[in-house]
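Remarks on the structure that follows.
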Amino acid sequence: MNKDSRIYIAGHRGLVGSAIHRALTAQRHTNLILRTHAELDLLNTNAVNAFFAKEKPEFVFLAAAKVGGILANNIYPADFIRDNLIIQTNLIEASRINSVERLLFLGSSCIYPKFAPQPMPESCLLTGPLEPTNRPYALAKIVGIEMCWSYNRQYKTKYLAAMPTNLYGPGDNFDLANSHVLPALIRKTAEAVKTGAAEITVWGTGTPRRELLYSDDLAEACLFLMNLDETCYSSLLTDEAPPLINIGTGEDVTIRELAETVAQVLDFKGQLVFDATKPDGTPRKLMDVTRLHNLGWHHTTNLEQGIRRTWEAVRTQLS
Ligand SMILES: NC(=O)C1=CN([C@@H]2O[C@H](COP(=O)(O)OP(=O)(O)OC[C@H]3O[C@@H](n4cnc5c(N)ncnc54)[C@H](OP(=O)(O)O)[C@@H]3O)[C@@H](O)[C@H]2O)C=CC1
Ligand SMILES: C[C@H]1O[C@H](OP(=O)(O)OP(=O)(O)OC[C@H]2O[C@@H](n3cnc4c(=O)[nH]c(N)nc43)[C@H](O)[C@@H]2O)[C@@H](O)[C@@H](O)C1=O
């Protein structure tokens, strides 16, 4: 990407999109194309096509999606599969029609089988049954990968699918019902500190393991991939295997350890109570990040630093 390349960030107000926006702005990109949900509904095929025809982006970060934690995925499965299939199809097809140079499609680590080998290499895609709590969302993402691969083969496009691990950071969704685990734990812990409550409730058994990546690190990885030289980029887009790359830290913790780290950062001295009536979901989903490391990218923010930064960004809002 040149500094004046026309770059569209779909979903630039979300956790990931806002981090990509910050990273591109910090690198002095001057031609960013942005639309809020109210300005452009990505479910509207005609509106998306008109927007692409007018703005002619050269690079697309596809970070708009219907996203939520374990409970939201379980309660609204139809919304998750429908919205994601439509949004990604609209954007991939409009990118083809308008000759977008490179597109980065964001998927998720939940595309891999529930009992995949750990750590999970890209090659374990479609080798076993999925985790039921997020199967509709995961299937939409798997279709997105297959579309990128099919378009690359048939139309000679250059679409890459990045699979991030669980993410967190400033600008996350802190709604207790719909959010992911880390923002939920930060909010519950902040409220307990504020009210002097003796305990916080953690969903599930506390034994599942999760790998967490700070959103600004993820954004750096996305820019790194979009900026790969032609030889390295093309090496990820072969006819023989899906154009897939994992993004993560290669390290994970139990949910109990995660809750304890949040308690330590926010100075909460009370008890953790586990509510086993809530789903645990996948027991473990640790990414194999060998492919990304071999290209030369490593994360820089460790879990405790990331939680501190997130807390500093939201403490006035949550205290
Ligand atoms: N958060 C995580 O832990 C992980 C996320 N990912 C992936 O990263 C990507 C971004 O996720 P994240 O940033 O967390 O999600 P967010 O929910 O924070 O952001 C999604 C963005 O997409 C926008 N959007 C959704 N529907 C529409 C629509 N119909 N028209 C226009 N805009 C729309 C939202 O706008 P609005 O809010 O106004 O609707 C929002 O700005 C997704 O593809 C997700 O699968 C992957 C792994 C983990
Ligand atoms: C990114 C990823 O995110 C989702 O998958 P998930 O990792 O299972 O999601 P999660 O972050 O919501 O939960 C992780 C673990 O944490 C436990 N947990 C404890 N206490 C709370 C709590 O208070 N809230 C939440 N949400 N979880 C809690 C919870 O019970 C589970 O064991 C999917 O959207 C999936 O599609 C996807 O892509």
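The structure displayed is predicted, hence computed values, not measured ones. First listed ligand is number 1; within each ligand, the first listed atom is number 1.
- The distance criterion of under 3.5 Å between nitrogen or oxygen atoms is not met by T165 with respect to ligand 1.
- Checked options H299, R309, R22; the residue passing with D216 is R22 (criterion: side-chain hydrogen bond (donor to acceptor under 3.5 Å, both in side chains)).
- Side-chain atoms of E58 come within 3.5 Å of backbone N or O of R6 as a donor-acceptor pair.
- No heavy atom of K141 sits closer than 4.0 Å to any atom of ligand 2.
- Remark: distances from the non-hydrogen atoms of I255 to ligand 2 include one below 4.0 Å.
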Handout entry: Verdict with reasoning, Y214 to Q305, per side-chain hydrogen bond (donor to acceptor under 3.5 Å, both in side chains)
Key = CA-CA 9 Å; Y214 189 58; Q305 283 170 333; over 6 Å; no

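- Relative orientation of the H298 and H293 rings is parallel, given thresholds of 30° and 60° on the angle between their planes.
- Neither the backbone nor the side chain of D83 has a heavy atom within less than 4.0 Å of ligand 1.
- Close N/O approach between G171 and ligand 1 is not found [any backbone or side-chain N/O within under 3.5 Å].
- The closest approach between any non-hydrogen atom of E131 and ligand 2 is not below 4.0 Å.
- Polar contact check, S108 against ligand 1: no nitrogen or oxygen pair lies under 3.5 Å apart.
- Taking a 4.0 Å cut-off on heavy atoms, F105 fails to register as neighbouring ligand 1.
- Grouping the Ile, Leu, Val, Met, Phe, Trp and Tyr side chains by contacts below 4.5 angstrom, directly or via other members, places I20 apart from L40.
- Between P164 and ligand 1, no N or O atom pair is found at a separation short of 3.5 Å.
- The closest approach between G107 and ligand 1 falls below 4.0 Å for a heavy atom of the residue.
- Taking only nitrogen or oxygen atoms, main chain and side chain alike, K141 reaches within less than 3.5 Å of ligand 1.
- Not a single heavy atom of H12 sits closer than 4.0 Å to an atom of ligand 1.
- Residue I87 approaches ligand 1 through these ligand atoms, each under 4.0 Å from one of its heavy atoms: 26 (N), 27 (C), 29 (N).
- Shown here, atom 38 (O) of ligand 1 is in close reach of the protein: a heavy atom of it lies under 4.0 Å off.
- Under the 4.0 angstrom criterion for non-hydrogen atoms, H180 is in contact with ligand 1.
- When non-hydrogen atoms are compared, ligand 2 lies under 4.0 Å from the side chain of Y137 (C-beta onward) but not from its backbone.
- Among protein heavy atoms, the minimum distance from atom 11 (O) of ligand 2 is reached at V181 N, 2.9 Å.
- At under 3.5 Å, a nitrogen or oxygen of L106, whether backbone or side chain, sits near a nitrogen or oxygen of ligand 1.
- Under 4.0 Å from ligand 1, not a single heavy atom of M163 appears.
- Shown in contact with D41 at under 4.0 Å from a heavy atom are these atoms of ligand 1, numbered in order with element: 28 (C), 29 (N), 30 (N).
- The heavy atom nearest to atom 30 (O) of ligand 2, considering only G204, A259, P279, is found in P279.
- Any N or O atom pair closer than 3.5 Å counts here, and L62 shares no such pair with ligand 1.
- Residue contacts with ligand 1: A64 is placed with no nitrogen or oxygen under 3.5 Å of a nitrogen or oxygen of the ligand (distance criterion only).
- Linking Ile, Leu, Val, Met, Phe, Trp and Tyr residues whenever their side-chain heavy atoms come within less than 4.5 Å places F224 and L24 in a single cluster.
- Within ligand 1, counting atoms from 1 as listed, the ones closer than 4.0 Å to a heavy atom of L40 are 30 (N), 31 (C).
- Of the protein's heavy atoms, V67 CG2, 3.6 Å lies nearest to atom 11 (O) of ligand 1.
- Ligand 2 lies out of reach of K278, whose nearest heavy atom is not under 4.0 Å from it.
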